[in-house]
Peer 1: 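Here it is: the structure, laid out below.
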Amino acid sequence: MPTADRQAQRRTLVLDAAFELLGTEGWSGTTVRGVCERARLNPRYFYESFTDLDALVIAVYDRVVEDLSQEVLAALEAKPNDDPAAQVHEVVARIVSFVDEDRRRARVLYVEALGNEALNLRRIETGRAVVAFVERYAAEQSGAAAPGDSAWRVGAAVLVGGFSELLIDWLAGRIPLSRTQLIDDATALFLALGDATAKLRSL
């Protein structure tokens, strides 16, 4: 196996081990030693790919975000653009399934960043990027000439931030709804928010 391939393979092992620790034991239980032991690698291979633990957990977070992004894009492509209700329902369903079927993903995305400054900064940056994507997509779907006005930005920020908090509470058992009911209710609320945003923009 070429050297570059072996290095890539070791990097994946380290990422997998860190994902498991961060997603189960949390930031406080994620250490270089623990990651290396779980990956069954000599510590020198850790520093072959990552400068420190912060760089590793950010890479873990980015990988989960990328996987979720692919789910969202697939959901948008699965439903026609002229049926926003179906698109929103599909996006919500895929996001809920993504975090519910592997609770480690939810912990990495929504919980553990609060205990690590570098990871929290990446979470904030990612959140802003998601808000910008939602804002742009909603504006394009509504036929607006250009996104960027305050109504779209407020609506997108409320949707993204609110949905994250909703998922945290639901996964923690503080919102006693079935997955199906959660998806249906969230879809209805998001569609109503979209309608309200469009009306606000027209004022």
Side-chain angles (χ1 to χ4, degrees), residues 19-27 57 60-115 119-120 122-142 147 151-200:
F19 172 68
E20 174 64 23
L21 288 174
L22 194 62
T24 56
E25 299 184 24
W27 166 248
V57 295
V60 171
Y61 177 85
D62 287 347
R63 189 171 69 166
V64 177
V65 169
E66 176 61 25
D67 290 343
L68 179 55
S69 299
Q70 293 304 314
E71 287 292 318
V72 171
L73 293 175
L76 293 174
E77 293 175 357
K79 299 297 180 180
N81 288 340
D82 59 356
D83 191 350
Q87 278 197 332
V88 172
H89 188 276
E90 184 69 15
V91 169
V92 172
R94 294 212 185 196
I95 293 174
V96 172
S97 296
F98 182 82
V99 296
D100 188 32
E101 291 172 2
D102 188 341
R103 296 293 180 95
R104 296 173 300 175
R105 296 166 176 165
R107 189 162 181 177
V108 170
L109 287 171
Y110 306 125
V111 178
E112 291 309 317
L114 301 179
L119 187 54
N120 192 43
R122 179 56 61 91
R123 180 189 66 82
I124 292 171
E125 292 171 0
T126 302
R128 289 171 179 164
V130 173
V131 168
F133 171 80
V134 172
E135 176 190 7
R136 183 173 62 253
Y137 188 82
E140 291 172 353
Q141 291 300 104
S142 70
W152 289 122
R153 177 56 56 88
V154 169
V158 169
L159 190 153
V160 173
F163 194 28
S164 296
E165 292 300 318
L166 173 64
L167 289 174
I168 291 171
D169 284 348
W170 180 71
L171 291 168
R174 291 188 288 269
I175 298 179
L177 293 176
S178 67
R179 185 198 290 189
T180 299
Q181 190 63 55
L182 177 75
I183 293 169
D184 290 345
D185 288 355
T187 298
L189 288 170
F190 294 159
L191 290 171
L193 176 60
D195 291 340
T197 301
K199 291 178 181 178
L200 180 61

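Since we're looking at a predicted model, the values are computed, not measured.
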Peer 1: Identify whether the distance between the nearest side-chain nitrogen and carboxylate oxygen of Arg63 and Glu66 falls below 4.0 Å.
Peer 2: no
Peer 1: Output a table of donor-acceptor pairs, distance under 3.5 Å, between side-chain atoms of residues 157-173 and any protein atom two or more places apart or on a different chain; print 'none' if there are none.
Peer 2:
{"from": "Ser164", "atom 1": "OG", "to": "Val160", "atom 2": "O", "distance (Å)": "3.1"}
{"from": "Asp169", "atom 1": "OD1", "to": "Arg174", "atom 2": "NE", "distance (Å)": "2.9"}
{"from": "Asp169", "atom 1": "OD1", "to": "Arg174", "atom 2": "NH2", "distance (Å)": "2.8"}
{"from": "Trp170", "atom 1": "NE1", "to": "Leu177", "atom 2": "O", "distance (Å)": "2.8"}

Peer 1: Run the side-chain contact (heavy atoms from CB on, under 4.5 Å) check on Asp100 and Arg179 step by step: do they pass?
Peer 2: CA-CA 9 Å; Asp100 188 32; Arg179 185 198 290 189; 2.9 Å; yes
Peer 1: Taking Glu112 for the side chain and Gly26 for the main chain, is one N or O donor matched with an acceptor at less than 3.5 Å?
Peer 2: no
Peer 1: Would Arg123 pass as a cation-pi partner of Tyr61, given that its NZ or CZ must be under 6.0 Å from the six-membered ring centre and within 45 degrees of the axis?
Peer 2: no
Peer 1: Does a donor on one side chain sit under 3.5 Å from an acceptor on the other, for Arg107 and Thr24?
Peer 2: no
Peer 1: Measuring from Ser178:OG to Asp184:CG, what's the distance to the nearest 0.5 Å?
Peer 2: 8.0 Å
Peer 1: With side-chain contact (heavy atoms from CB on, under 4.5 Å) as the criterion, how do Leu68 and Val64 come out once you've worked through the C-alpha distance, each side chain's angles and the decisive distance to 0.1 Å?
Peer 2: CA-CA 6 Å; Leu68 179 55; Val64 177; 5.5 Å; no
Peer 1: Counting neighbours of CZ on Arg103 that are heavy atoms of other residues, nucleotides or ligands and sit closer than 6.0 Å, is the number greater than 12?
Peer 2: yes
Peer 1: Pick one: which of Leu76, Val134, Thr187, Val96 meets side-chain contact (heavy atoms from CB on, under 4.5 Å) with Val91?
Peer 2: Leu76
Peer 1: Nearest heavy-atom pair of Leu193 and Gly155: which atoms, and what distance?
Peer 2: CD2-O, 3.6 Å
Peer 1: Once rounded to the nearest 0.5 Å, what's the spacing between atom CD of Glu125 and atom CG of Asn120?
Peer 2: 10.0 Å
Peer 1: Could you go step by step and tell me if Val57 and Trp27 meet the side-chain contact (heavy atoms from CB on, under 4.5 Å) rule?
Peer 2: CA-CA 9 Å; Val57 295; Trp27 166 248; 3.7 Å; yes
Peer 1: For Glu71 and Phe98, work out which heavy atoms get closest and say how close.
Peer 2: CG-CD1, 4.0 Å
Peer 1: Who passes salt bridge (Lys or Arg N to Asp or Glu O under 4.0 Å) against Arg104, sequence neighbours left out?
Peer 2: Glu20, Asp102
Peer 1: Could you work out, with side chain to side chain donor-acceptor pair (under 3.5 Å) as the rule, every residue matching Glu90, not counting sequence neighbours?
Peer 2: Arg94
